There are 2 protein chains.
Amino acid sequence: MNAKQGPRPGGRSARVQASVQTAVRELLATMDRSEITVPLIATAAGVTPSTIYRRWGTLGELFADVAVERLRPDSDPIDTGNGWTDLEAWAEQYAEEMSSAPGRELIRDVLAAADTNCSQRCCSYSREQIAIMAERAAERGESFPDPEAVLDGVVSPIVYRILFGDAPTRDRIRDLVGRTMATTGSGSDERH
Amino acid sequence: MNAKQGPRPGGRSARVQASVQTAVRELLATMDRSEITVPLIATAAGVTPSTIYRRWGTLGELFADVAVERLRPDSDPIDTGNGWTDLEAWAEQYAEEMSSAPGRELIRDVLAAADTNCSQRCCSYSREQIAIMAERAAERGESFPDPEAVLDGVVSPIVYRILFGDAPTRDRIRDLVGRTMATTGSGSDERH
DNA sequence: CCACAAACGCAAAGAATTTGCTTTTGTGGC
DNA sequence: GCCACAAAAGCAAATTCTTTGCGTTTGTGG
């Protein structure tokens with residue numbers, strides 16, 4: 001009975017993992033993803049192809065791993081002083097980032113992975129950002145929709161449109177935010 | 001000046017295309033997609049691997065092609081006599097089909113393709129089905145939301161949840177439909 | 001029926017992936 | 001500190017997939 005359950009003893013795994021992921025990011029910045037191969041990454045990272053194959057299995061899983069990391073928000077949503085405009089600003093920025101060519105590819109990489117965990121983590125990132133805005137709104141005494149309602153009403157249409165059609169315009173996003181805010185029970189809060 | 005612009009002269013392309021797609025469907029029913037390879041498909045279809053590579057480029061594009069075909073609705077949404085319940089029934093069935101393991105894989109295959117056309121067509125299928133329900137509702141004199149609003153309010157949350165988290169429950173879907181129907185201008189139409 | 005071009009088959013060349021075995025490298029016990 | 005252990009990495013051969021050049025087949029339009 002011991003208290004540790006992680007990779008018990010082990011090798012230099014963390015170091016290798018980092019160098020491989022860095023190599024992928026660098027290559028991704030340089031060339032088209034369809035040109036990138038495992039042997040190429042291995043060379044760039046200073047490891048053997050078999051190391052990558054054994055650790056990630058396929059190129060797709062490796063890309064997904066890197067993509068999830070890049071999709072992680074690096075800061076809290078900006079505070080505009082109002083929940084409504086917080087959400088608007090965040091949604092607009094989110095849509096802009098995700099509808100760019102690199103953004104779309106990140107999402108696709110995540111979804112392509114067999115490991116469902118990747119896409120769930122990606123969703124949680126949004127959920128957490130929304131929760132932060134909700135909490136701030138609560139502290140101000142404003143009403144704010146349930147984070148799940150925001151995922152349904154704002155995030156999912158944005159992502160759906162990006163993946164299956166055309167990226168939503170700014171007006172469209174404001175509209176989505178407006179509709180979602182409107183269903184917040186009281187609906188008494190103004191936009192400004 | 002002639003009136004034809006399709007693949008002008010040409011080979012036996014249609015026949016080969018069909019046999020390859022059939023082979024993919026059959027293999028997909030038999031084994032896991034990660035086990036399926038181009039040479040395998042080629043053998044099953046009675047063609048050469050190079051034929052597949054030249055026509056589709058990658059396994060992913062071929063899978064996407066087959067997936068789009070399978071995602072095409074084979075019939076109109078059932079007519080329940082009322083727009084609201086039509087939409088509910090359709091959404092529930094859609095969610096059920098798409099949240100199954102095979103359904104999820106179809107969506108992923110479509111999204112993984114470099115050819116954006118595939119995912120757009122997939123979206124159009126839903127749009128068309130919704131338009132049919134809208135038209136029927138109009139004929140009955142009921143109000144019905146704009147098809148785009150249904151895509152935003154009903155389809156996109158369902159797809160988003162399936163892709164990024166857990167498939168929505170039946171109750172959740174009814175809720176989505178309810179909220180979307182409620183924003184239909186007048187809001188005077190009852191559910192039954 | 002002929003000429004044409006797209007598409008296919010074939011096979012060799014070139015890459016990528018898998019796999020068995022050896023070596024390295026942290027970790028924990030002594 | 002030093003040893004023994006096991007996970008992880010390196011290496012290289014074997015396998016499998018992908019690309020490519022070239023000759024052949026097969027519809028289509030004249």
Side-chain angles (χ1 to χ4, degrees), chain A residues 1-24 26-28 30-66 69 109 112-115, chain B residues 1-24 26-28 30-66 69 109 112-115:
Chain A
M1 311 300 141
N2 61 40
K4 203 126 183 254
Q5 88 284 28
R8 215 66 59 62
R12 67 231 98 157
S13 71
R15 217 161 32 237
V16 169
Q17 172 159 339
S19 70
V20 169
Q21 291 184 339
T22 300
V24 171
E26 287 175 0
L27 288 172
L28 233 27
T30 308
M31 47 175 51
D32 194 68
R33 89 192 324 71
S34 61
E35 316 270 311
I36 299 176
T37 65
V38 170
L40 201 65
I41 296 167
T43 302
V47 301
T48 310
S50 64
T51 295
I52 295 178
Y53 286 118
R54 279 200 247 257
R55 177 179 278 267
W56 281 278
T58 70
L59 193 55
E61 299 296 316
L62 172 51
F63 276 146
D65 234 41
V66 173
E69 206 53 37
D109 285 345
D115 181 5
Chain B
M1 310 297 149
N2 62 38
K4 204 127 180 250
Q5 89 284 24
R8 218 64 60 60
R12 66 229 102 157
S13 72
R15 219 166 25 241
V16 169
Q17 173 160 340
S19 70
V20 169
Q21 292 184 338
T22 300
V24 171
E26 288 175 0
L27 289 173
L28 232 29
T30 309
M31 47 176 49
D32 194 69
R33 88 192 326 72
S34 61
E35 315 270 312
I36 300 176
T37 65
V38 170
L40 200 65
I41 297 166
T43 302
V47 302
T48 309
S50 64
T51 296
I52 295 178
Y53 285 118
R54 278 200 248 256
R55 175 180 278 266
W56 281 279
T58 69
L59 192 55
E61 298 296 314
L62 172 51
F63 275 146
D65 233 41
V66 173
E69 204 56 36
D109 285 346
D115 181 6

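No experiment lies behind these values; they were computed from the predicted model shown. Residue numbers begin at 1 in each chain, while the letters A, B, ... track the order of the sequences.
- Here the C1' atom of nucleotide D/dA9 and the CD atom of A/Gln17 are 14 Å apart, to the nearest Å.
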Could I get a table of every N or O pair under 3.5 Å where one atom is in the protein and the other is in nucleotides 10-16 of chain D?
from, atom 1, to, atom 2, distance (Å)
D/dG10, OP2, A/Thr48, N, 3.1
D/dG10, OP2, A/Thr48, OG1, 3.4
D/dG10, OP2, A/Thr51, OG1, 2.4
D/dG10, O5', A/Thr48, OG1, 3.3
D/dG10, O6, A/Arg54, NH2, 2.8
D/dC11, N4, A/Ser50, OG, 3.1
D/dC11, N4, A/Arg54, NH2, 3.4

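- To the nearest angstrom, C1' of C/dC10 lies 15 Å from CD1 of B/Ile52.
- The partner of D/dT20 is C/dA11, judged by Watson-Crick or G-U wobble contacts that both fall below 3.5 Å.
- The shortest side-chain heavy-atom distance between B/Gln17 and B/Asp65 falls under the 4.5 Å cut-off.
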Report, one line per pair, each donor and acceptor closer than 3.5 Å where one atom sits in a side chain of residues 39-51 of chain B; sequence neighbours left out.
from, atom 1, to, atom 2, distance (Å)
B/Thr43, OG1, B/Pro39, O, 3.0

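- One interatomic measurement links the two molecules: CG of B/Leu59 to C1' of C/dA16, which rounds to 15 Å at whole-angstrom precision.
- Taking atom CD1 of residue A/Ile41 and atom P of nucleotide C/dA16, one finds them 11 Å apart after rounding to whole Å.
- The shortest distance between the side-chain N/O atoms of B/Arg15 and the OP1/OP2 oxygens of C/dA7 is not below 4.0 Å.
- Remark: side-chain polar atoms of B/Glu61 are paired, donor with acceptor, to backbone N or O of B/Ala114 under 3.5 angstrom.
- Here C/dT18 presents its C1' atom at 18 Å from CH2 of A/Trp56, a figure rounded to the nearest Å.
- Residues that satisfy the salt bridge (charged side-chain N to carboxylate O under 4.0 Å, His left out) test with A/Arg54, not counting sequence neighbours, are absent from this structure.
- A/Trp56 is not listed as a side-chain neighbour of A/Val38, based on a closest heavy-atom distance of 4.5 Å or more.
- B/Phe63 is listed as a side-chain neighbour of B/Ile36, based on a closest heavy-atom distance under 4.5 Å.
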